[in-house]
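These notes concern the structure reproduced below.
Computed over heavy atoms, backbone and side chain alike; hydrogens, waters and symmetry mates excluded.
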Amino acid sequence: MKSYIVGNWKMNFTVGEASVYLHKLMQKLRTMREIEVIVAPSFVALQPLSLQLDRKKLRLAAQAGNPHDFGAYTGEVSYTQLRGIVDYGIVGHSERRQLFHETDKDIRAAVAAALRNQIAPILCIGETETEHTFGETKSVLRDQLIGGLSEVSTEDLEKILIAYEPVWAISTTTGTHLAAPDEVSEVIQYLRRTLRETYGEVAAKIPLLYGGSVNPSNAGAYLTIPDVNGLLVGGASLVAEKFISIIDTAKKVKD
Ligand code: PGA
């Protein structure tokens with residue numbers, strides 16, 4: 001399976017800055033068959049960046065999307081509108097769940113909408129600090145995983161990526177809240193097993209990514225966990241040197 005390195009830029013960069021940054025990334029990256037590099041800029045930058053993009057080196061993802069095709073949804077952007085502009089869509093990021101109150105039902109609908117518009121969903125799942133403390137991690141993840149995928153056909157399962165992002169490990173600056181690779185490993189094995197028990201053989205084809213304060217110094221430890229097929233990177237993806245260093249690590253781990 002390929003490795004996937006996804007940069008989630010969140011609400012950062014003006015369109016001009018995003019364009020300059022993309023240019024820099026494309027200059028530094030080589031075409032790699034075994035690594036898919038994906039960046040997720042703000043909506044407003046997606047269309048201009050899609051014209052600038054060398055798809056052999058990089059792909060674009062949306063950070064969110066509205067599951068309806070068109071209609072009276074002021075301020076929203078649908079997967080139908082994103083079709084042809086992005087190849088991937090981040091769905092159910094914990095910030096969307098928490099700050100914008102996206103429910104499991106919304107997320108399920110977004111997975112379906114992305115797929116029907118030829119956009120590969122990167123379904124994010126993760127437990128909060130409280131759920132983690134109370135030992136609810138596995139049951140929470142199971143609900144988010146099976147709930148998010150419940151309307152996906154067996155054929156479409158192969159197009160899905162899953163990102164495990166413990167909410168308590170996202171954007172920690174102190175490093176005290178980093179998820180230990182052993183702990184991530186246990187969760188990843190659990191997710192793979194759950195997918196296999198629920199969907200059978202196709203489970204082996206679904207990439208499992210890790211995300212949560214990934215940086216150049218810890219990327220290698222996460223990427224060498226068995227069954228981890230990539231990383232979802234927030235803060236560190238905003239700095240070209242750091243993002244490229246993480247991609248280089250992924251390449252070394254692959255080699
Ligand atoms: P972080 O963000 O790398 O800054 O923790 C990851 C994410 O939210 O996807």
Side-chain angles (χ1 to χ4, degrees), residues 1-8 25 28-40 57-59 61 88 90 93-94 120 122-127 132 137-138 140-142 144-145 157-158 160-197 201-255:
M1 194 189 298
K2 273 188 189 182
S3 276
Y4 295 81
I5 303 296
V6 186
N8 177 10
L25 285 179
K28 302 230 164 143
L29 290 176
R30 285 177 298 121
T31 307
M32 293 171 290
R33 213 176 302 141
E34 71 281 26
I35 304 201
E36 179 97 316
V37 181
I38 303 163
V39 293
K57 294 186 176 175
L58 266 165
R59 300 282 171 145
Y88 295 88
I90 297 175
H93 189 279
S94 61
I122 304 172
L123 173 65
C124 297
I125 58 174
E127 82 284 8
H132 184 247
T137 301
K138 288 182 180 163
V140 167
L141 293 178
R142 187 188 179 82
Q144 291 180 352
L145 182 68
L157 277 170
E158 290 187 31
I160 306 257
L161 294 83
I162 306 290
Y164 168 52
E165 297 203 302
V167 180
W168 48 271
I170 292 177
S171 303
T172 69
T173 43
T174 57
T176 49
H177 266 58
L178 285 182
D182 280 355
E183 201 170 353
V184 175
S185 178
E186 196 188 320
V187 171
I188 293 288
Q189 301 315 316
Y190 172 74
L191 296 177
R192 186 71 77 196
R193 202 165 55 239
T194 305
L195 286 170
R196 199 171 38 238
E197 286 164 7
E201 273 172 29
V202 68
K205 297 186 182 160
I206 301 177
L208 296 179
L209 279 52
Y210 175 72
S213 303
V214 172
N215 61 42
S217 21
N218 62 26
Y222 291 126
L223 282 167
T224 45
I225 296 171
D227 251 345
V228 165
N229 311 110
L231 299 171
L232 178 49
V233 188
S237 76
L238 300 176
V239 183
E241 291 67 30
K242 290 188 185 175
F243 193 53
I244 287 164
S245 160
I246 292 169
I247 295 163
D248 286 345
T249 304
K251 176 107 184 44
K252 279 192 206 114
V253 170
K254 264 288 183 213
D255 292 345

For the backbone of Gly234 and the side chain of Asn8, can you confirm whether one donor and one acceptor N or O come within less than 3.5 Å of each other? no
Between Lys138 and Glu127, does any NZ, NE, NH1 or NH2 come within less than 4.0 Å of an OD or OE carboxylate oxygen? no
Taking only residues two or more places apart in sequence, or in another chain, which ones meet Tyr4 in a ring pair (Phe, Tyr, Trp, His ring centres under 6.0 Å)? none
Does Val37 reach the side chain of Lys57, with side-chain heavy atoms less than 4.5 Å apart? no
A side-chain contact here means heavy atoms from C-beta on lying under 4.5 Å apart; do Phe243 and Ile5 qualify? yes
Between Ser213 and Ala169, is there a donor-acceptor pair closer than 3.5 Å when you use the side chain of the first and the backbone of the second? yes
Here the pair of heavy atoms bringing Leu58 nearest to Leu25 is CD1-CB, 4.2 Å
Is it true that atom NZ of Lys254 has more than 12 heavy atoms of other residues, nucleotides or ligands lying nearer than 6.0 Å? yes
Nearest 0.5 angstrom please: Ile247 CD1 to Lys28 NZ, how far? 11.5 Å
Side chains of Thr194 and Leu141: does their closest heavy-atom pair fall under 4.5 Å? no
Looking only at heavy atoms, which two atoms of Leu191 and Leu145 are closest? And how far apart? CD2-CD2, 4.1 Å
Rounded to the nearest 0.5 Å, how far apart are OG1 of Thr249 and CG of Leu223? 7.0 Å
Heavy-atom neighbours of Glu186 CD exceed 12 at 6.0 Å: no
Spacing of Leu209 atom CG and Asn229 atom CG [to the nearest 0.5 Å]: 7.0 Å
Go through the steps to decide whether Asn215 and Lys242 satisfy the test side-chain contact (heavy atoms from CB on, under 4.5 Å), and finish with yes or no. CA-CA 7 Å; Asn215 61 42; Lys242 290 188 185 175; 5.7 Å; no
Which atom pair, heavy atoms only, marks the closest approach of Ser237 to Val233? OG-O, 3.3 Å
Shortest non-hydrogen contact from Gly126 toward Val167: O-CG2, 3.9 Å
Locate the shortest heavy-atom distance separating Ala179 from Tyr222; write the atom from each residue and the value. O-OH, 2.6 Å
Below 4.5 Å, heavy atoms only, C-beta onward: do Ile170 and Ser94 meet side chain to side chain? yes
Taking the side chain as every heavy atom from C-beta outward, state whether Glu183 and Thr137 have any atom pair closer than 4.5 Å. no
Identified side chain to side chain contact (heavy atoms under 4.5 Å, CB included) counterpart of Leu161 within the set Ile206, Val6, Ile122, Leu123: Ile122
Mind checking whether Leu178 and Thr172 have side chains closer than 4.5 Å, heavy atoms only? yes
Side chain to side chain, Val202 and Glu158, heavy atoms closer than 4.5 Å: yes
What heavy-atom pair brings Glu165 and Gly212 nearest, and what distance separates the two atoms? OE2-N, 4.1 Å
Start with the C-alpha gap between Lys2 and Glu36, add the side-chain angles, then the distance that decides, and say whether salt bridge (charged side-chain N to carboxylate O under 4.0 Å, His left out) holds. CA-CA 7 Å; Lys2 273 188 189 182; Glu36 179 97 316; 3.4 Å; yes
CG-OH distance between Leu232 and Tyr210, expressed to the nearest 0.5 angstrom: 10.0 Å
Are any of the side-chain nitrogens in Lys251 or Asp255 under 4.0 Å away from the carboxylate oxygens of its partner? yes
Is it true that a side-chain atom of Gln144 and a backbone atom of Cys124 form a donor plus acceptor pair closer than 3.5 Å? no
Using a 4.5 Å cut-off on heavy atoms from C-beta on, say whether the side chain of Pro216 contacts that of Ile246. yes
Main chain of Ala203, side chain of Arg192: is a donor-acceptor contact present, judged purely on distance under 3.5 Å? yes
